[in-house]
Amino acid sequence: MDLKITNTLLREKQVFTPIDPSNVRVYVCGPTVYDYAHVGNARPAVVFDVLIRVLRDLYGAEHVTHVANITDIDDKIMTRAKERGVAIEALTHETTEIYNADMAAIGVNRPDVQPRATGHVGQMIALAERLIERGHAYAADGHVLFNVPSMTDYGQLSRRDRDEMIAGARVDVAPYKRDPADFVLWKPSADDQPGWDSPWGRGRPGWHIECSAMAAEHLGEVFDIHGGGLDLIFPHHENEIAQTRCAFGHATMANYWMHNGFVTVEGEKMSKSLGNFYTVHDMLQEWPGEAVRLLLLSAHYRQPLDFSKAGLKEAKTQLDKLYGALHRAANDGHYPDWNLDRNDNPVLAALCDDLNTPLAIGALHQVARELNIALDHHRSRQIPELMGKLLVWGELLGLLQGDTDAWFKGEAGDDVEEIEALIAARIEARKDKNFAEADRIRDDLKARGIELEDGAGGTTWKRAG
RNA sequence: GGCCCCGUGGCAGAGUGGUUAUGCAGAGGACUGCAAAUCCUUGUACAUCGGUUCGAUUCCGGUCGGGGCCUCCA
């Protein structure tokens, strides 16, 4: 099956053709680690996690290399470390750990390589030197700057030309710049700022250079897909392209550029001043990670997505339904059949059409309905295949991989024995037609957040919420 | 000013030149001791005005409305 993706470079949907099918190479811009990841950081992580799952399905798990960086040198990090009175390394290390734990909780697989900017300063310096040698950069006043006019076709990704950029510039042009559009590859550090020795004195890298250096180091000078948030198109990705192409002399840096849309919170743009930042960490206190993930996948990745409590609730409800079908089937003693027809996979088909996750989720719902119907009518022969479809297809989206019992009952608590004793007592009461007592037990449990369901195969329970 | 995106039924959200998205919520029904869960049924949806067309929500243009980016924010 062909994978089609919207390539920002051309602004159109294209069939994806890898440079080397035995090693499909993807780079995704990762977080700057100075604070808890918010739901806006989580969207690209989840979206590109799905892309990687699809690529692994199409080309083989071992034939895909996924690189996502950690930006651990940045002025915001320096500021935050100073505010908190902690060492920069301690801050970035701690934040990285939290980021990885939060992403794991929402079903994001770790990238094959998670390079840190501070581990690649040597490569960045080498890249800057190379750009100077080739006449695309110059040193001035302790800085090294990329000279934008030296690249004749600068601006292809963001479709803006140099003059427009200058006309719209919101900042004052630094005096050491030869051209107002020039951007920093390297800048000097004061004594109290982190810095590395370089041919231009002690300093630190500019923002864009790290991704050029790390992508080249781990994926080569030209690779397949580069992803990130819409906001990175300009200047970040435009400048990455400029650096990499001018340094290595290729017509492209990555053949396909993919960008996810923005996340709003409760209908409003997230902002510090509105105080409406939803961190993944906070969401996980109240909701299953899988609900966060489903919500993030419930809109097409290029569309804006509103992340709301109501949306989380619906995502949770949807998962209850999907897991419910699997749970029923398992409780009825059925096991999934893993031997599915690879040519009949609407979830993969939907995802191959530019990662149409909403359509894919719809397909999952259809399977769940079919499974419930099969269970209702005791069509045992169909059940294993339907279970297999939910599980195998769900895995492409990173959904439904959890234990169904755990989904409904939570982590085994010490009240389980008591709950089951009460249920047994209720079953006895029902046998005696003592419905008043049976209902009392059910109501008591309900008050404790335990809901009972009397099915054909007996009474099951789950924790509400 | 430049570049770009969006406007679908109560809500979320796909898609399509002529036939059902899907989910949530609501209504009715089946099942149930009653519930819950599940299943079935149920909604004259495509901002507006023109144009192209046998036919447009889908293509083109205008208008209105909303949003993003324009040097370090995913």
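A quick note: this is a predicted structure, and the numbers were derived from the prediction, not measured. Order of the sequence lines fixes the chain letters, A, B, ..., with proteins taken first and strands second; residue numbering starts at 1 for each chain.
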Should B:rA36 form a Watson-Crick or G-U wobble pair with both distances under 3.5 Å, which nucleotide is its partner?
none
Taking only the side-chain heavy atoms of A:Thr317 (C-beta and beyond), determine which of B:rC40, B:rC72, B:rC24 contains the nearest atom.
B:rC24
Using the ring-ring contact (aromatic ring centres under 6.0 Å, His included) rule, pick out the option among A:His236, A:His66, A:His259, A:His237 that qualifies with A:His226.
A:His237
d(CG, A:Asn356; C1', B:rU16) in whole Å:
13 Å
Determine the Euclidean distance between corresponding P atoms of B:rA36 and B:rC11; express it in Å to zero decimal places.
26 Å
Applying a 4.0 Å non-hydrogen cut-off, can you work out what A:Asp75 is touching in the nucleic acid: base, sugar-phosphate, or nothing?
nothing
With sugar-phosphate meaning primed atoms plus P, OP1 and OP2, does A:Gly228 contact a base, only sugar-phosphate, or nothing at under 4.0 Å between heavy atoms?
sugar-phosphate
Tell me which nucleotide among B:rA36, B:rC73, B:rG13 gets nearest to the side chain of A:Ala299.
B:rG13
Which nucleotide in the set B:rC4, B:rC39, B:rA74 lies at the smallest distance from any side-chain heavy atom of A:Phe262?
B:rA74
Cationic tip of A:Arg178 within the cone over A:Tyr138's six-membered ring, i.e. under 6.0 Å and within 45° of the normal?
yes
Euclidean distance, atom CG of residue A:Asn41 to atom P of B:rC73 [Å, nearest integer]
11 Å
Under 4.0 angstrom between A:Asn372 side-chain N/O and B:rU38 OP1 or OP2
no
Roughly how far apart, to the nearest Å, are B:rG66 and B:rC59 at atom P?
23 Å
Can you check the A:Leu232 CG to B:rC69 C1' distance for me, whole Å?
11 Å
From the list B:rC34, B:rC69, B:rA74, which nucleotide is the closest neighbour of the side chain of A:Phe234?
B:rC69
cation_pi(A:Lys309, A:Tyr278) dist<6.0 Å, angle<=45:
yes
Selection from B:rG23, B:rU38, B:rC72 that lies nearest to any side-chain heavy atom of A:Lys187
B:rC72
If only side-chain N and O atoms count, and only distance matters, is there a donor-acceptor pair under 3.5 Å linking A:Asn372 with A:Arg328?
yes
Decide yes or no on salt bridge (Lys or Arg N to Asp or Glu O under 4.0 Å) for A:Glu451 and A:Lys446, but give the supporting numbers first.
CA-CA 5 Å; A:Glu451 290 177 354; A:Lys446 169 109 183 169; 3.3 Å; yes
Pick the P atom in B:rG28 and in B:rG15, then give their distance to the nearest Å.
34 Å
Output the single nucleotide from B:rA74, B:rG23, B:rG33 whose closest atom is nearest the side chain of A:Arg442.
B:rG33
Figure out the OH/C1' separation between A:Tyr154 and B:rC3, and round it to whole Å.
14 Å
Separation between the C1' atoms of B:rC40 and B:rU63, rounded to whole Å:
45 Å
A:Asp306 CG to B:rC11 P, straight-line distance once rounded to whole Å
14 Å
Partner of B:rA56 by Watson-Crick or G-U wobble geometry, both contacts under 3.5 Å, or none?
none
Among the nucleotides B:rU38, B:rU71, B:rA74, which one has an atom lying closest to any side-chain atom of A:Lys321?
B:rU38
As a test of reading the structure: which of B:rG68, B:rG23, B:rA74 is closest to the side chain of A:Lys269, going by heavy atoms?
B:rG68
What is the base-pairing partner of B:rG43, counting Watson-Crick and G-U wobble geometry with both distances under 3.5 Å?
none
Using Watson-Crick geometry (N1-N3 plus N6-O4 or O6-N4) or G-U wobble (N1-O2, O6-N3), each under 3.5 Å, B:rA14 is paired with none
Taking atom types as modelled, is there a side-chain donor on A:Glu314 or A:Gln318 under 3.5 Å from an acceptor on the other?
yes
Step through the shown structure and confirm whether more than 12 heavy atoms of other residues, nucleotides or ligands are within 6.0 Å of NZ on A:Lys313.
no
Check the distance between B:rU38's C1' and A:Asp376's CG and give it to me in whole angstrom.
5 Å
Spacing of A:Asp320 atom CG relative to B:rG23 atom C1', expressed in whole Å:
13 Å
Determine whether a donor-acceptor pair (one donor, one acceptor, N or O, separation below 3.5 Å) exists between the side chain of A:Gln318 and the base of B:rG23.
no
Taking atom P in both B:rA56 and B:rU19, what distance in whole Å separates the two?
12 Å
Hey, which sits more toward the 5' end of RNA chain B by its nearest nucleotide, A:Gly261 or A:Phe183?
A:Phe183
Heavy atoms only, 4.0 Å cut-off, all strands: where does A:Ser158 land among base, sugar-phosphate and nothing?
sugar-phosphate
Could you tell me the Watson-Crick or G-U partner of B:rC69, where both distances fall under 3.5 Å? Say none if there is no partner.
B:rG2
Please report the distance separating the C1' of B:rA35 from the corresponding atom of B:rU58, rounded so that it comes out in whole Å.
45 Å
Gap in Å between the two P atoms, one belonging to B:rC24 and one to B:rG62, rounded
40 Å
At under 4.0 Å between heavy atoms, what does A:Arg426 touch on the DNA or RNA strands: base, sugar-phosphate, or nothing?
base
How many Å lie between CG on A:Asp231 and P on B:rC72, as a whole number?
12 Å
Once you measure the plane-to-plane angle for A:Trp200 and A:Trp186, does it fall in the parallel (<30°), tilted (30-60°) or perpendicular (>60°) bin?
tilted
Choosing from B:rC34, B:rG23, B:rA14, which nucleotide comes nearest the side chain of A:Arg430?
B:rC34
Look at the side chain of A:Lys462 and decide which nucleotide, out of B:rG33, B:rC72, B:rA37, has an atom nearest to it.
B:rA37
If I pick the C1' atom on B:rA45 and the same atom on B:rG67, what distance separates them, to the nearest angstrom?
23 Å
Classify the nucleic acid contact of A:His38 as base, sugar-phosphate or nothing, counting any heavy atom under 4.0 Å across all strands shown.
base
